[in-house]
Amino acid sequence: MARVELARLPTPLEALNRLSTHLGGPRLLVKRDDETGLGLGGNKLRKLEFLLGEAVAQGADTILTAGSMQSNHARQTAAACAKLGLACELILRGRPQLDEPYLHSGNMLIDRLLGARVRIIDATVSREDALAQRADELRAAGAKPYVIPVGGSCLVGCFGYALCAEELVEQAKDRGIYADAIVVATSSCGTHAGLVAGLHSIKARTRVIGVAVESDRASQEERVFALAAETATALGAQALPRDQVVVFDDYVGSGYAEPTQEMRSAIRLAARTEGLILDPVYTGKAMAGLIGLVQRGYFKRDENVVFLHSGGAPGLFGYPEALGPD
Ligand SMILES: *Cc1c(COP(=O)(O)O)cnc(C)c1O
């Protein structure tokens, strides 16, 4: 499997002692995948190591990907392309209300700084169609494009998170503990699916709990399961049981990137008990999910629960209104 080195690994596994005490629940830890380094870091770099490994092996010269205007995936792709000397084109979709920070700050500011070519499409246009069309144009012009799907979520990208699962299990073992559960934001599915497939392939009994940030439980579980099963098969593992994919959709609110009160409280609590900076779109809602599950008694008191911090803090500057008044 072709791979390029982009992320600073292994990422730290840290105890969240003050947050654990505050919640009076299980022992909480955080896996710092916000600290993967390149281009302000985040979870997409682990996927990009394999995706761009394949692109380089194929002789690609231009990388195309898509996302929302405040996409962390787009930013990390742009940074990786800069480092590897590849041209990068980002097809980004806006949202109905476009304010100044959303258009020009946060991830958008960094994308431009990194020299990516940014094209904005209408919210009604399919990103997949726009990617395919632009790839055709580039091929016709003699370039060698490589298309990365939204969020880098496909079989190749999932290998990055299958390896993260092994990394985490080893790290926990080194500390003399067992990770009973991992809580992760789940959106384009690759992070969640890769973790599930990786844990299954090494026969770890760590449960993965996905907190949806845009979709309902049934459709998110279905998409994650399809990708996780495909990844498990590619890793040579036994068939993946359906019940290993678990999603909670109680923390989505009114939709993708739409703020919720629970998200605001979770971001403030993580910041004020641990100095841990979360984001309003993904990790804030995932932490709201973790807090909600602890309060509902979902975990046993003596369990070790790992919050996967998938990054995204640059988005705080793209959605400054999301936190609301203090
Ligand atoms: C993309 C992203 C996620 C979601 O990961 P998927 O693999 O798309 O499900 C979570 N957190 C942050 C900060 C992200 O940028």
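Here the structure is a predicted model, which is why all the values come from computation and not from measurement. In listed order, ligands and their atoms are each counted from 1. Computed from heavy atoms alone, side chains included, the values below leave out hydrogens, waters and symmetry copies.
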Report the C-alpha separation of Tyr298 and Phe248 in whole Å, then their side-chain angles, then the decisive distance to 0.1 Å, and conclude whether the ring pair (Phe, Tyr, Trp, His ring centres under 6.0 Å) test is met. CA-CA 12 Å; Tyr298 181 80; Phe248 286 87; 5.4 Å; yes
Could you walk me through whether Ser20 and Asn17 pass side-chain hydrogen bond (donor to acceptor under 3.5 Å, both in side chains), step by step? CA-CA 5 Å; Ser20 304; Asn17 292 333; 5.3 Å; no
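Ligand-side atoms of ligand 1 in range of Asn72: 13 (C), 14 (C), 15 (O), range being under 4.0 angstrom from any heavy atom. Of all the atoms in ligand 1, the ones that sit under 4.0 Å from a non-hydrogen atom of Thr186 are 9 (O). Against a heavy-atom cut-off of under 4.0 Å, Gly190 is close to the following atoms of ligand 1: 7 (O). Which parts of ligand 1 touch Gly312 is read off a 4.0 Å heavy-atom cut-off, strictly below it: atoms 13 (C).
Considering backbone and side-chain N/O of His73, none are found under 3.5 Å from N/O of ligand 1.
The shortest heavy-atom contact between Ala266 and Leu278 is O-CD1, 4.2 Å. In plain terms, the two heavy atoms of Ala66 and Arg127 that are nearest each other are CB-CB, 4.0 Å.
With sequence neighbours excluded, the residues that form a side chain to side chain donor-acceptor pair (under 3.5 Å) with Glu14 are Arg32.
For the pair Arg46 and Phe159, the cation-pi test (distance below 6.0 Å, angle within 45°) is failed. For Lys44 and Tyr282, the positive end sits near the middle of the six-membered ring, less than 6.0 Å away and at most 45° from its axis.
Under a 4.0 Å heavy-atom criterion, Lys47 is in contact with ligand 1. Not a single heavy atom of Gly151 sits closer than 4.0 Å to an atom of ligand 1. At a 4.0 Å cut-off, not a single heavy atom of Gly42 sits close enough to ligand 1 to count as contact.
Considering each of Ser310, Ser187, Ala74, the one bringing a non-hydrogen atom nearest atom 9 (O) of ligand 1 is Ser187. Comparing Val211, Asn43, Asp34 against atom 5 (O) of ligand 1, the shortest heavy-atom distance belongs to Asn43.
Counting heavy atoms closer than 4.0 Å to ligand 1, residue Ser153 contributes side-chain atoms (C-beta onward) but none from N, CA, C or O. When heavy-atom distances to ligand 1 are checked against a 4.0 Å cut-off, Val281 has no atom that comes that close, whether in backbone or side chain.
Note on residues 135-144: pairs passing salt bridge (charged side-chain N to carboxylate O under 4.0 Å, His left out), not counting sequence neighbours, are Arg134-Glu137, Asp136-Arg139.
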